[in-house]
Amino acid sequence: MANTPLTEKGLTSKERIRALTGAAFLMATSAIGPGFLTQTAVFTEQLLASFAFVILVSIILDIGAQMNIWRIIAVTKMRGQEIANAVLPGLGYVVAFFIVLGGLAFNIGNVAGGGLGVNALLGLDTRVGAIMTGVICIAIFLLKEANAAMDQIVRYLGALMILFTAYIMFGSNPPYGEAALRSVAPLEVDFLAIVTIVGGTVGGYITFAGGHRLLDAGITGKENLKYVTNTAISGIIVASIMRTILFLAVLGVVSAGFALNQDNPTASVFQIAAGEIGFRIFGLVLFAAGITSVIGAAYTSVSFLTTFHESIEKYKNYWTVGFIVFSTGVFAMIGQPVMLLVLAGAFNGLILPLTLGCILLAAHRSTIVGSYKHPVWMTVFGGIIVVLTAYLGVRTLLQTFPQLFS
């Protein structure tokens, strides 16, 4: 029995495995959105093979952040905002507000990304593609077994994105040896790139996506910590595989002397590496990234609203549908509200240090975690990430506000 922990909801072995893999892919594919694709292409063009070092360091920091958060969620059997409220009454509502604000703003961007993907894949109008993206996601949450369907769709689309991007990578013929060398001996170290990549992988709502999914599945408690920890690491590995493959694809193109289109750098990588079919593949990957990111943002954002009223928990799937309808409607009618996106992006940089800081405080309070003893090395890891991301978040906020009012 010790090797097969029980869950509160009495899942079968098959259901438990599905929930664990679903949580890993939900987190990973929430990170792999339109911004993830563009960010990776831009940094690779700037740093070339030395971006491998940024990826390696960010993986280590991502794992440190995610393990801290997922383990405390599992031990306390509470959602992120509930843990924050336990640390300081009322703080959870502040956390929930910023998570939902960021999730809503970025979900508009995710819907837009799905629309751009459909445009590249099929040539349809971007707004039509955005509506298609929203409708697919809404259909998933209207199913009777919505969580099971969500687990499957993020796994399949996650695998599809990795496989098609790998095809482009091989076509671009990157300098693998140079990339491997620069992962440990970079010619240039970009501190801000490291922290930005960490924020893009485990910032905002993203790191809570899988943790809340395991909580909903009933995979909690100290007896399940090994499974929770392994799943947390697996989620980071999946996202990092995608980032590494995309990095190598971009590196192959820029190393061959090609300049990327600044308006759509990722699309130009796919097109240069594989011609017209590469551009269509880019559309498919972006469409898949839009769908999975919309699912992750909507599911996780609404999970932060459940604390406000018990009816939200009871009708959670309908609230999630409403969240997607609103995001899709905003883009379809007025496009991306630039100021909302800019502000949300600036505040998003402060969400990870705030939430992770709450988690670290909770981890050492027996009134919250009971007899559980949190490893010291995880606390140190988490503390480093809090300081780094808080620095970047404040810096970004100070840079953003003058731009808004200039």
Side-chain angles (χ1 to χ4, degrees), residues 26 29-39 41-42 97-142 150 153-154 157 161 200 203-206 209 261-267 279-280 282-305 317-348 351 400 403-404:
L26 180 64
T29 56
S30 293
I32 306 170
F36 176 103
L37 302 177
T38 302
Q39 202 177 62
V42 169
F97 172 78
F98 285 120
I99 289 279
V100 174
L101 173 65
L104 180 61
F106 290 117
N107 217 34
I108 296 169
N110 293 333
V111 169
L116 289 169
V118 171
N119 175 261
L121 180 63
L122 302 173
L124 298 177
D125 183 82
T126 301
R127 295 189 186 220
V128 173
I131 293 171
M132 287 174 59
T133 302
V135 167
I136 290 171
C137 296
I138 288 167
I140 291 168
F141 285 104
L142 288 178
M150 180 176 67
I153 197 76
V154 295
L157 291 184
M161 287 188 283
Y205 62 86
I206 298 171
N261 182 338
Q262 296 307 304
D263 292 332
N264 201 337
T266 314
F279 185 68
R280 302 300 177 186
F282 163 75
L284 182 60
V285 169
L286 186 58
F287 183 38
I291 290 172
T292 56
S293 295
V294 167
I295 290 171
Y299 170 83
T300 312
S301 296
V302 171
S303 75
F304 272 86
L305 287 174
N317 282 357
Y318 294 114
W319 278 84
T320 307
V321 167
F323 191 91
I324 298 170
V325 168
F326 183 79
S327 304
T328 306
V330 168
F331 178 76
M333 289 187 289
I334 62 173
Q336 298 182 58
V338 176
M339 183 172 288
L340 178 61
L341 284 168
V342 172
L343 277 173
F347 282 117
N348 194 57
I351 292 175
T400 298
Q403 294 173 7
L404 289 174

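Scope of the values below: all heavy atoms of this structure, side chains included, with no hydrogens, waters or symmetry mates.
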Between [Y] and [X], is there a side-chain heavy-atom distance shorter than 4.5 Å?
X    : Y    : result
T29  : L157 : no
L305 : V100 : yes
F279 : L121 : no

Nearest heavy atoms of [X] and [Y], plus distance in Å:
X    : Y    : value
G103 : A297 : O-CB, 4.2 Å
T320 : Y299 : CG2-N, 4.0 Å
I32  : M161 : CG2-SD, 4.1 Å
A41  : P265 : CB-CB, 4.1 Å
G134 : T328 : CA-OG1, 3.6 Å
L26  : G296 : CD1-CA, 3.9 Å

Which value, rounded to the nearest 0.5 Å, describes the distance between [X] atom [atom1] and [Y] atom [atom2]?
X    : Y    : atom1 : atom2 : result
L104 : Y205 : CG    : OH    : 11.0 Å
I131 : T126 : CD1   : OG1   : 11.0 Å
N264 : L286 : CG    : CG    : 7.5 Å
I99  : I206 : CD1   : CD1   : 9.5 Å
F287 : T292 : CZ    : OG1   : 11.0 Å
F326 : N107 : CZ    : CG    : 11.0 Å

Exercise. So, does T133 use its side chain to make a donor-acceptor pair with the main chain of G290 at under 3.5 Å?
Worked result: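 Absent.
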
Exercise. Do the side chain of N119 and the main chain of L124 share a donor and acceptor less than 3.5 angstrom apart?
Worked result: yes

For this session: Assess whether side-chain contact (heavy atoms from CB on, under 4.5 Å) is satisfied between V118 and V128, documenting all intermediate values.
Result: CA-CA 8 Å; V118 171; V128 173; 5.9 Å; no

